[in-house]
**Q** 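Here you go, one structure.
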Amino acid sequence: MNIEATKLELMHLLLQTQKEGLLAKLKKVFDEEQGDWWNEMSKEEQEEINTGLDQADEGIYLANETVMKRFDKWR
């Protein structure tokens with residue numbers, strides 16, 4: 001069975017079921033598959049992002065145009 005046929009079959013089954021527990025389990029599977037990219041980062045990367053967010057909240061940032069000019073040679 002190809003992937004498109006499998007998707008159609010699953011959609012049909014989802015539309016037919018009234019079992020909330022089954023739907024909750026399936027939702028959990030999808031949520032776990034997507035994962036949280038934040039948790040996959042190192043603590044150092046998380047700290048750098050938080051520092052950047054704090055700086056932006058304080059108005060300490062560069063305009064996008066300024067940053068793009070700085071890195072223009074790599075585009």
Side-chain angles (χ1 to χ4, degrees):
M1 182 179 291
N2 69 34
I3 193 165
E4 296 304 319
T6 302
K7 288 179 184 180
L8 288 171
E9 182 181 355
L10 287 170
M11 286 190 313
H12 176 75
L13 292 170
L14 283 170
L15 292 170
Q16 296 298 317
T17 191
Q18 296 299 317
K19 297 178 182 178
E20 290 183 27
L22 175 61
L23 294 173
K25 287 178 187 177
L26 290 170
K27 174 88 169 80
K28 184 178 178 182
V29 168
F30 277 100
D31 290 345
E32 289 172 357
E33 278 292 314
Q34 289 178 352
D36 186 350
W37 56 268
W38 182 260
N39 295 329
E40 296 174 11
M41 288 186 190
S42 70
K43 290 295 179 195
E44 292 80 18
E45 291 170 319
Q46 291 175 357
E47 288 173 9
E48 287 180 22
I49 290 172
N50 283 327
T51 298
L53 291 172
D54 290 341
Q55 289 173 339
D57 287 343
E58 295 171 12
I60 305 169
Y61 59 88
L62 296 174
N64 184 58
E65 294 80 20
T66 304
V67 174
M68 295 311 290
K69 283 180 187 174
R70 184 182 278 177
F71 295 100
D72 196 37
K73 62 184 172 185
W74 289 294
R75 290 197 299 163

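Predicted model only: the values in this text are computed from it and were never measured.
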**Q** What's the separation between atom CD in E9 and atom CG in L14, rounded to the nearest 0.5 Å?
**A** 10.5 Å

**Q** How many angstroms lie between CG in L62 and CD in Q55, if you round to the nearest 0.5 Å?
**A** 9.5 Å

**Q** How many angstroms lie between atom CD1 of I3 and atom CG of L8, to the nearest 0.5 angstrom?
**A** 11.0 Å

**Q** Looking at CD of E47 and CD of E44, how far apart are the two atoms once the value is rounded to the nearest 0.5 Å?
**A** 6.5 Å

**Q** As an exercise, state the distance from CD of E20 to NZ of K27, rounded to the nearest 0.5 Å.
**A** 14.5 Å

**Q** Measuring from D54:CG to I49:CD1, what's the distance to the nearest 0.5 Å?
**A** 12.0 Å

**Q** If you compare all heavy atoms of Q46 against all heavy atoms of M41, which two are closest, and at what distance to 0.1 Å?
**A** NE2-O, 3.7 Å

**Q** F30 and L13: same hydrophobic cluster, using ILVMFWY side-chain contacts below 4.5 Å?
**A** no

